[in-house]
Amino acid sequence: MPELPEVQTVVDGLLPHVVGRTVHRVRSGPHDIVHPRGMLLDPRLVGRTISRINRRGKKIVFTLDDHARFVIHLGMTGQLTLDAPDAPVLSHTHLVLSFTDTTPTQLRFRDPRRFGGVWWLGQTEAPDEQMGPEPLTMRWVTLARHLSPTRRAIKTALLDQKVVAGIGNIYADESLFEARIDPRTPACQLTPEQVRRLCRAIKLILRRAIRHRGSTLRDYRDADGLEGGFQKLHRVYDRATLPCRRCKTPINRIVLGGRSTHYCTGCQVPLNFTATGASVDTAKDQSRH
DNA sequence: GTCCATGTTCTTTA
DNA sequence: CTAAAGAACATGGA
């Protein structure tokens, strides 16, 4: 469920209530969602103070006062919420950190499908090896450098966290609509102008989504258990057969890289268009290996 | 029962 | 060998 805007919203909700607080107790559910598997968090966390929380891609990085770190990834259905200790514990709650200094609070990790989990990093391991640039601050030439080596469809490339960090199925589709690029276009065939437009579109869409506290399709909740609002502003995602909000053409749904892909055949064109709307042939032959 | 789902990783295929 | 497609993971809702 959670892509960059949702993860950022969760982090923003945690910051004022968790940073600076000391872990008093750790409770785990019946399933081991900690990596490396079998590692006990209790002796590493109890008595430690959370000194920092930040986001990298879709990962939430917690730093302790001893400089050890751990990452929580929400996977598809993960929720990280702040609750009163006496609030009912929902099913599929896998980890509860209790803070008793000042107002008693619990940080709860719940994840029905268990694609998410906790990764202990210790004091040396980096949270983002292999991970691509942060989309909110990347420059278009960086994006171009990561797209040029692959012939995969641009939609598929955007989902690859080594290409860009934090984009998932919703915001890939929404960004490509904003940039008016056909999702099937081979990544290496985008013109510099298209990459520039895509880079701007990604930032615009992600910032707008963060402003609306992310998209809730089903499971996503912020740290306070509240739903996001950006799903109401989706232009293509989950809108197959509905009229395009821009040109009224029915939104098309196809499958790319095994993931449903939504786009407007009227607005998102496979080739470049000039200012007058005439199509321009850019099929420069990409020699086959 | 069937299909589908906001993600990632391993396996198979070309 | 590499790149890309496909399957797998686990659960629940339509």
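If you check every strand for non-hydrogen atoms under 4.0 Å, A:G258 touches nothing. Residue A:Y171 is out of contact with every strand shown, counting any heavy-atom pair closer than 4.0 Å.
For the P atoms, the distance linking C:dC1 with B:dT9 amounts to 22 Å, nearest Å.
Here C:dA4 is the nucleotide among C:dA4, B:dG7, B:dC4 with the atom lying nearest to any side-chain atom of A:T150. Closest to the A:Q161 side chain, of the nucleotides B:dA5, B:dT8, C:dA4, is B:dT8. Closest to the side chain of A:K58, out of B:dA5, B:dG7, C:dA4, is B:dG7.
The pair A:E3-A:K58 does not meet the salt-bridge criterion, since no charged nitrogen lies less than 4.0 angstrom from a carboxylate oxygen. At a threshold of 4.0 Å, the pair A:R113-A:D219 does not count as salt-bridged, since none of the basic side-chain nitrogens sits closer than that to a carboxylate oxygen.
Within the structure, a side-chain polar atom (N or O) of A:H92 is placed less than 4.0 Å from OP1 or OP2 of C:dG12.
Two residues are said to be in side-chain contact when any heavy atoms from C-beta on lie closer than 4.5 Å; A:Q231 and A:L217 meet this criterion. Between A:Y220 and A:L74, every side-chain heavy-atom pair lies at or beyond the 4.5 Å cut-off.
In this structure, the aromatic ring of A:F115 is positioned over the six-membered ring of the base of C:dC9, centres within 5.5 Å and planes within 30°.
Interface remark: the A:R113 side chain does form a donor-acceptor pair with the B:dA5 base, using a distance-only criterion of under 3.5 Å.
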